[in-house]
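For clarity, every value in this text was computed on a predicted model and none was experimentally measured.
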Amino acid sequence: MSYSRFAIYYVPAEGSLATFGASWLGWDILRAAEASRIDMPGLDDVTMTPRKYGFHGTLKPPFRLKPGQTAAALEAAVAAMAGRVAPATCDGLRLTPLGRFLALAPYGPLGQLQRVAETCVRDLDCFRAPASAAELTKRRAAGLTERQDALLTQWGYPYVMEEFRFHLTLTGKLPAGASAHWTEVVNRLMPELPQPFVVDQIALCGERPDGRFELIHRYTLAG
């Protein structure tokens, strides 16, 4: 498979949370296949944006390979990095509104999770092709702070390092007034969430020709 972009994600292991995420979004990132959808009016519309990425938490945002770099070299680098990075633990996950989006977000001390994400962004940046002028313009149209703009220039994405907030996205931007309804729906359907929440693996994922992401390989954090 040829991939247009790569990313480092946290992808839940097979189990109730992964099954819920796949059936909620309609795309199973683990199996690279359409998932049996939850039958819910309006669900297709509110999950349209996150569907192609699959159920995941971003650690290093999607990037194109720099000319001269290869997928094989990237895989080797991710494996080596995972071998020297310790797992991260926080108190748990909970349903959280992020603006007009809904996501599962961690709570409790987040320093360990922050460390994992910063290492992924920094140590693999030599594989990232610079953001194009069009990409930079699109990001800046969101109205970035001075610091976010500096991060965008340096790392190709404005919400990394101290601006990073780990989350597993459940919806796109919800219509005004719709958050309460979809919060109730998620709370009714989602399984028991992990307490504590442990990130002991990272996943190299790739963007397929159809624009959807799939799992390429998992790596155990063993530092």
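Nearest approach of Pro50 to Thr171, heavy atoms of both residues: CG-C, 3.9 Å. Residues Ala13 and Ala18 come closest through the heavy atom pair O-CB, 3.3 Å. For Pro209 against Ser2, the heavy-atom pair with the smallest separation is CD-O, 3.6 Å. Here the shortest heavy-atom pairing between Ala22 and Ala35 reads O-CB, 3.3 Å. Between Arg31 and Glu14 the shortest heavy-atom distance is NH2-OE1, 2.9 Å. The minimum heavy-atom distance linking Trp182 with Pro41 is given by the pair CH2-O, 3.5 Å.
Residue Arg64 holds its CZ atom at 11.0 Å from CD of Glu207, rounded to the nearest 0.5 Å. Between Glu75 atom CD and Ile216 atom CD1 the span is 6.0 Å, to the nearest 0.5 Å. With rounding to the nearest 0.5 angstrom, the CG atom of Leu215 is 12.5 Å from the NE2 atom of His56. Annotation: the span from Cys90 atom SG to Leu110 atom CG amounts to 5.5 Å, rounded to 0.5 Å. In this structure, the separation between SG on Cys120 and CG on Leu221 is 7.5 Å, given to the nearest 0.5 Å. Going from atom CD of Gln114 over to atom CG of Leu59 covers 10.5 Å, rounded to the nearest 0.5 Å.
Linking Ile, Leu, Val, Met, Phe, Trp and Tyr whenever their side-chain heavy atoms come within less than 4.5 Å leaves Ile38 and Leu30 in two separate clusters. Hydrophobic clustering (side-chain heavy atoms under 4.5 Å, transitive across Ile, Leu, Val, Met, Phe, Trp, Tyr) keeps Phe20 apart from Trp27.
Using a 4.0 Å cut-off between charged side-chain N and carboxylate O, Asp44 and Arg51 make a salt bridge. A salt bridge links Glu184 with Arg188: the distance from a Lys NZ or Arg NE/NH1/NH2 to an Asp or Glu carboxylate oxygen falls below 4.0 Å.
Taking 4.5 Å as the limit, every side-chain heavy atom of Phe63 sits out of range of all side-chain heavy atoms of Asp125. Two residues are said to be in side-chain contact when any heavy atoms from C-beta on lie closer than 4.5 Å; Phe55 and Asp28 fail this criterion. Side-chain contact between Met40 and Thr47 is absent, with no heavy atoms from C-beta onward closer than 4.5 Å. By the 4.5 Å heavy-atom criterion applied to side chains, Leu74 and Tyr3 are not counted as neighbours. A 4.5 Å side-chain heavy-atom check between Leu25 and Tyr53 finds every atom pair outside the cut-off. At least one side-chain heavy atom of Pro109 sits under 4.5 Å from a side-chain heavy atom of Asp91.
With sequence neighbours left out, the side-chain hydrogen bond (donor to acceptor under 3.5 Å, both in side chains) criterion links Thr153 to Arg140. Partners of His217 under the ring pair (Phe, Tyr, Trp, His ring centres under 6.0 Å) rule, at least two apart in sequence or in another chain, are Tyr219. The side-chain hydrogen bond (donor to acceptor under 3.5 Å, both in side chains) test applied to Glu34 returns Arg212, not counting sequence neighbours.
Enclosure of atom CZ in Arg165 is not indicated, since only 12 or fewer non-hydrogen atoms of other residues, nucleotides or ligands lie within 6.0 angstrom. Around CD of Glu162, the count of heavy atoms belonging to other residues, nucleotides or ligands within 6.0 Å exceeds 12. Taking a 6.0 Å sphere around CG of Asp39, one finds it holds 12 or fewer heavy atoms contributed by other residues, nucleotides or ligands.
With hydrogens and angles ignored, the 3.5 Å screen pairs no side-chain donor or acceptor of Thr58 with any backbone N or O of Pro61. No donor-acceptor pair closer than 3.5 Å links the side chain of Glu214 to the backbone N or O of Arg208. Side-chain atoms of Arg115 do not come within 3.5 Å of backbone N or O of Ala88 as any donor-acceptor pair. Side-chain atoms of Arg5 never come within 3.5 Å of backbone atoms of Gly211 as a donor-acceptor pair (strictly under, hydrogens ignored).
Through chains of ILVMFWY side-chain contacts below 4.5 Å, Leu144 is grouped with Val121, Leu136, Leu151, Leu152, Trp155, Tyr157, Tyr159, Val160, Met161.
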Under 3.5 Å, which donor-acceptor pairs do the side chains of residues 94-104 form with other protein atoms, sequence neighbours left out?
| residue | atom | partner | partner atom | Å |
| --- | --- | --- | --- | --- |
| Thr96 | OG1 | Arg94 | O | 3.1 |
| Arg100 | NE | Leu174 | O | 2.9 |
| Arg100 | NH2 | Leu174 | O | 2.9 |

Name the atoms and distances for all side-chain donor-acceptor pairs under 3.5 Å in residues 189-206, with sequence neighbours left out.
| residue | atom | partner | partner atom | Å |
| --- | --- | --- | --- | --- |
| Gln195 | NE2 | Tyr107 | OH | 2.6 |

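Between Tyr9 and Phe213, the ring planes are tilted. Angles from 30° to 60° get that label.
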